[in-house]
Amino acid sequence: MTLLETFFNLEVLSLSFFPLLRGLVNTFLLGIAGIGFGIPCGLVIGLLRLYAPKPVRYLMVLYIDIFRAAPMLVVLIMIYYALPFVGIRLSSWTSAGLAFSIVMAAYSAEVFRSGIESIPKGQFEAASALGIPFLVTLRKVVLPQAIRIVIPPMTNNCVSMFKDTSLASTVALPELLKEATDAQALHANPTPLIGAALIYIAFLWPMVRLVSLLEKKFNKEKKR
């Protein structure tokens, strides 16, 4: 067989199109679930990490460190395969969504912490001198500026999250890579894997470019 027949077989690709499309939908929904829950939770964790009483701060630091250091695959396996031993049984979807949300929250918390700490402390002091309550200062003065700063690294985290959804195949969730692997086995041809890779690139490349454009824009604004 030639290279094209082995890796770019159009007949096999056409037969695999609908399974790949189904996998793409599942990948998209899983990524959105992880990001949609992970980022807001990360903001709360980041704020607790900075401003909560010391015991809570230490607990948040422990959470962030553990789930940034733990491989996503391990978190998935622990939730899906280990929790049933203590009487907690979750579906593949729930296990994967929970795992991605937990890890995304840890990374987001650190990004938010870094963004908030980059805001000059003089802004807090000025708001306090004007009699503005701390929470109002945080919500109306500090967070809007911090969010602009964290958009590029947060977008990078979102790209990584969508790529990590391929690990959901370990808990039998039919995302894009699992559908491609099943199609490869069915047709005895690796073309579906190439198709899945091209879909990932087409889906994530605009987000990668968005990060670069945002970084350039914010760097120009800083130089003014």
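The structure presented is a predicted model; accordingly, all values stated were derived computationally and were not measured.
Leu173 contributes atom CG, which lies 11.5 Å from atom CG of Leu167 (distance to the nearest 0.5 angstrom). Rounding to the nearest 0.5 Å gives a distance of 12.5 Å between CG of Asn156 and CD1 of Ile151. Atom CG of residue Leu30 and atom CE of residue Met161 lie 8.5 Å apart, to the nearest 0.5 angstrom. The line from OG of Ser108 to CG of Asn157 is 6.0 Å long, rounded to the nearest 0.5 Å. With rounding to the nearest 0.5 Å, the separation of OG in Ser166 from CD in Glu175 is 6.0 Å. Between the CZ atom in Arg49 and the CZ atom in Arg57 there is a gap of 8.0 Å [rounded to 0.5 Å].
Not counting sequence neighbours, Lys121 has no partner by the side chain to side chain contact (heavy atoms under 4.5 Å, CB included) test. Partners of Tyr58 according to the ring-ring contact (aromatic ring centres under 6.0 Å, His included) rule, which considers only residues two or more places apart in sequence or in another chain, do not exist here. The salt bridge (charged side-chain N to carboxylate O under 4.0 Å, His left out) search around Glu179 returns Arg22, not counting sequence neighbours. Residues passing the salt bridge (charged side-chain N to carboxylate O under 4.0 Å, His left out) test with Glu117 are Arg113, sequence neighbours excluded. Applying the side chain to side chain donor-acceptor pair (under 3.5 Å) criterion to Thr94, with sequence neighbours excluded, gives Ser91.
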Could you go through Leu47 and Ile116, starting from their C-alpha distance and side-chain angles, then the distance that decides it, and tell me whether this counts as side chain to side chain contact (heavy atoms under 4.5 Å, CB included)? CA-CA 9 Å; Leu47 292 173; Ile116 292 170; 3.6 Å; yes
Evaluate the side chain to side chain contact (heavy atoms under 4.5 Å, CB included) criterion for residues Thr181 and Leu177: first the C-alpha distance (whole Å), next the side-chain angles of each, then the deciding distance (0.1 Å), finally the verdict. CA-CA 6 Å; Thr181 304; Leu177 185 60; 4.2 Å; yes
Derivation of the side chain to side chain contact (heavy atoms under 4.5 Å, CB included) call for Phe8 and Leu13: CA-CA 8 Å; Phe8 300 96; Leu13 188 60; over 6 Å; no
Would Ser16 and Gln184 count as a side chain to side chain contact (heavy atoms under 4.5 Å, CB included) here? Give the steps. CA-CA 9 Å; Ser16 306; Gln184 177 198 20; over 6 Å; no
Residues 190-204 side chain polar contacts: donor-acceptor under 3.5 Å, at least two apart:
| unit_1 | atom_1 | unit_2 | atom_2 | d |
| --- | --- | --- | --- | --- |
| Thr191 | OG1 | Thr6 | O | 3.3 |
| Thr191 | OG1 | Phe7 | O | 3.4 |
| Thr191 | OG1 | Asn9 | N | 3.0 |
| Thr191 | OG1 | Asn189 | OD1 | 2.5 |

Show me the side-chain donor-acceptor pairs of residues 136-145 shorter than 3.5 Å, one per line, residues at least two apart or across chains.
| unit_1 | atom_1 | unit_2 | atom_2 | d |
| --- | --- | --- | --- | --- |
| Thr137 | OG1 | Pro133 | O | 3.0 |
| Gln145 | OE1 | Gln123 | NE2 | 3.2 |
| Gln145 | NE2 | Gln123 | OE1 | 2.6 |
| Gln145 | NE2 | Val141 | O | 2.8 |

Anything under 3.5 Å between a donor and an acceptor, one on a side chain of residues 61-90, the other on a protein residue two or more places apart or in another chain? List them.
| unit_1 | atom_1 | unit_2 | atom_2 | d |
| --- | --- | --- | --- | --- |
| Tyr63 | OH | Ile102 | O | 2.9 |
| Tyr81 | OH | Thr170 | O | 2.9 |

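Each of Asn26, Val25, Ile32 was scored for a side chain to side chain contact (heavy atoms under 4.5 Å, CB included) with Phe28, with one residue passing: Ile32.
Cluster membership for Leu59 and Val103, using ILVMFWY side-chain heavy atoms within less than 4.5 angstrom, is shared. No single ILVMFWY cluster, assembled from side-chain heavy atoms under 4.5 Å apart, contains both Leu24 and Leu186. Grouping the Ile, Leu, Val, Met, Phe, Trp and Tyr side chains by contacts below 4.5 angstrom, directly or via other members, places Leu50 with Leu135.
Thr165 places no side-chain N or O within donor-acceptor distance of the main-chain N or O of Gly31, the cut-off being under 3.5 Å. The closest donor-acceptor contact from the side chain of Ser95 to the backbone of Ser92 lies at 3.5 Å or more, if one exists at all. Formation of a donor-acceptor pair under 3.5 Å by the Ser114 side chain with backbone atoms of Val111 is not found in this model. With Ser101 contributing its side chain and Phe37 its backbone, the two residues share no donor-acceptor pair below 3.5 Å.
Across all their heavy atoms, Ser169 and Lys178 have their closest contact at CB-CB, 3.7 Å.
Applying the ring pair (Phe, Tyr, Trp, His ring centres under 6.0 Å) definition to pairs two or more places apart or across chains, those involving residues 100-136 are Tyr51-Phe134, Phe124-Phe134.
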